[in-house]
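A short write-up of the structure that comes next.
Chain letters run A, B, ... following the sequence lines, proteins first and then strands; every chain starts at 1. On a predicted model such as this, the values are computed, not experimentally measured, just so you know.
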Protein chains: 2
Amino acid sequence: MNRDDSLTLDNQLCFALYACSREMTKLYRPFLDELELTYTQYVALLALWEQDDVTVKQLGSRLYLDSGTLTPLLKKMEQAQLIVRARDAADERNVRIRLTERGGTLKQKVCDAQQKAFSRANIPAEETKELRDRLTRLLQQIHQTTTEE
Amino acid sequence: MNRDDSLTLDNQLCFALYACSREMTKLYRPFLDELELTYTQYVALLALWEQDDVTVKQLGSRLYLDSGTLTPLLKKMEQAQLIVRARDAADERNVRIRLTERGGTLKQKVCDAQQKAFSRANIPAEETKELRDRLTRLLQQIHQTTTEE
DNA sequence: TAGAATTACATTGTATTCAATTTAATTTAG
DNA sequence: CTAAATTAAATTGAATACAATGTAATTCTA
């Protein structure tokens with residue numbers, strides 16, 4: 001197999017990731033629509049349920065997103081009364097994000113939505129664990145590369 | 001582990017996919033920038049190098065993208081003289097996409113770019129094959145689910 | 001065969017993503 | 001202590017994605 005023959009769509013890990021990620025989002029969409037959540041709002045909530053009262057910077061670090069994406073997202077989530085945004089009195093540069101009661105109590109419904117999405121596609125939870133861990137390692141490997149000077 | 005405890009970011013296959021796909025795109029970006037290609041243009045070219053002279057519909061089916069994404073993308077690729085768009089005389093509903101000479105000859109440079117991206121992140125080509133195939137199977141499984149009525 | 005249904009593409013509107021720049025606050029150095 | 005450097009968010013502009021709708025061409029069907 002020469003260099004040219006290997007340059008096919010099905011040979012590209014990046015394309016498998018790109019297409020699979022988008023299809024996964026489409027799988028979630030109808031269940032998230034019922035909760036009036038976008039996919040990005042969903043992952044932001046996942047992060048906040050794990051650690052509440054974080055700065056935009058910290059949230060971005062967890063989600064691999066920057067303020068250009070997060071600022072408008074978080075403003076919409078505040079309008080939807082999922083979170084509250086407030087400048088940190090101790091360091092006015094920081095904006096702290098806190099879940100509202102509504103944002104907190106949505107967790108159980110989102111958990112149900114996630115299970116429905118997976119069962120709809122017949123994705124066995126166990127079978128995905130290794131795949132998930134492998135992707136997480138690859139993610140960190142790439143991220144380390146792209147954030148080196 | 002109850003239902004709530006499993007609802008963490010690191011437990012979500014969807015998040016691993018979402019974050020990993022975006023980081024992979026960032027890894028490619030500097031190399032594609034040199035060729036004045038966006039990531040989506042890159043995957044469109046990969047598809048066209050495999051099969052040239054296809055309709056927008058066929059290309060969308062291959063890339064899992066619809067005309068809402070492809071029409072503006074292909075117009076820009078036409079402006080950049082990578083492709084030509086033309087209505088099919090036999091069925092005026094179809095728009096056929098053909099590579100230009102410039103679009104065709106870019107293949108070798110893109111091949112080099114792809115290798116540079118992978119070597120920069122120390123991703124061994126062999127090690128990724130299984131991961132890629134696994135993702136492709138998952139992609140098809142989800143796609144089949146979401147395209148059922 | 002004429003109207004209905006379907007198909008392919010284009011358009012519109014909403015929501016990201018991200019690089020690059022700007023602004024304001026804080027920290028560091030001289 | 002004060003100017004320079006750094007940091008955190010916000011803003012801006014370009015390029016996607018995708019659902020929903022519109023339009024024109026083709027096919028189906030009564």
Exercise. Output the residues of residues 61-72 of chain A in contact with DNA chain C, where contact means a heavy atom of the residue under 4.0 Å from an atom of the strand; sort by number or write none.
Key: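 A/Tyr64, A/Leu65, A/Asp66, A/Gly68, A/Thr69, in order of number.
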
Side-chain contact, heavy-atom cut-off 4.5 Å: [X] with [Y]?
X	Y	value
B/Lys57	B/Asn94	no
B/Arg22	A/Tyr64	yes
A/Leu82	A/Leu37	yes
B/Thr69	B/Leu63	no
B/Lys75	B/Arg85	yes

For atom [atom1] of [X] and atom [atom2] of [N], their distance in whole Å:
X	N	atom1	atom2	value
B/Leu74	C/dA10	CG	P	8 Å
A/Asn94	C/dT23	CG	C1'	15 Å
B/Leu17	C/dT17	CG	C1'	17 Å
B/Lys76	C/dA10	NZ	C1'	14 Å
A/His143	C/dC18	NE2	C1'	13 Å
A/Met77	C/dA15	CE	C1'	14 Å
A/Glu92	C/dT27	CD	P	12 Å
B/Asp88	C/dA8	CG	P	12 Å

Quiz item: Under the criterion ring-ring contact (aromatic ring centres under 6.0 Å, His included), which of A/Tyr28, A/Tyr39, A/Tyr42, A/Tyr18 is the partner of B/Tyr18?
Solution: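 Of all the options given, the one that passes is A/Tyr39.
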
Exercise. Would you mind telling me which of C/dT17, C/dT16, C/dT26 lies closest to the side-chain atoms of A/Leu73?
Key: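 So the side chain of A/Leu73 is nearest to C/dT16.
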
Quiz item: Out of C/dT17, C/dT6, C/dA25, which nucleotide sits closest to the side chain of A/Thr40?
Solution: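 Looking only at heavy atoms from C-beta outward on A/Thr40, the closest nucleotide is C/dT17.
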
Quiz item: With a 4.0 Å cut-off, would you call B/Asp112 and B/Lys107 a salt bridge?
Solution: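 No, no charged N to carboxylate O under 4.0 Å.
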
Exercise. Would you mind telling me which residue lines up with the more 5' stretch of DNA chain C, B/Lys57 or A/Arg93, judged by nearest nucleotide?
Key: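 The residue mapped nearer the 5' terminus is B/Lys57.
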
Practice problem: For B/Arg85, report the nucleic acid contact type (base, sugar-phosphate, nothing); a contact means any heavy atom under 4.0 Å. | Solution: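 B/Arg85: backbone/sugar contact only, no base atoms under 4.0 Å.
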
Exercise. Classify the nucleic acid contact of A/Thr25 as base, sugar-phosphate or nothing, counting any heavy atom under 4.0 Å across all strands shown.
Key: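 Touches nothing.
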
Quiz prompt | Segment of DNA chain D, first to last nucleotide, that comes within the 4.0 Å heavy-atom reach of chain B | solution =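 With heavy atoms of chain B under 4.0 Å away, the range is D/dA15 to D/dT26.
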
Quiz item: Can you tell me if B/Asn11 and B/Thr8 form a side-chain donor-acceptor pair at under 3.5 Å?
Solution: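 A pair is found: one side chain offers a donor N or O, the other an acceptor, under 3.5 Å apart.
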
Quiz prompt | Whether A/Arg98 side chain and A/Ile83 backbone form a donor-acceptor pair below 3.5 Å | solution =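 Absent.
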
Quiz item: Is there a donor-acceptor pair under 3.5 Å between the side chain of B/Glu50 and the backbone N or O of A/Leu9?
Solution: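 Flag set: sc B/Glu50 to bb A/Leu9 pair under 3.5 Å.
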
Practice problem: Would you indicate, yes or no, if C/dA15 has its OP1 or OP2 atom less than 4.0 angstrom from a side-chain nitrogen or oxygen of A/Lys75? | Solution: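 Looking at the OP1 and OP2 atoms of C/dA15, neither is under 4.0 Å from any side-chain N or O of A/Lys75.
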
Exercise. Please tell me which of A/Thr55 and A/Glu23 maps to the more 5' nucleotide of DNA chain D, matching each residue to the nucleotide holding its nearest heavy atom.
Key: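 Residue closer to the 5' terminus by nearest nucleotide: A/Thr55.
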
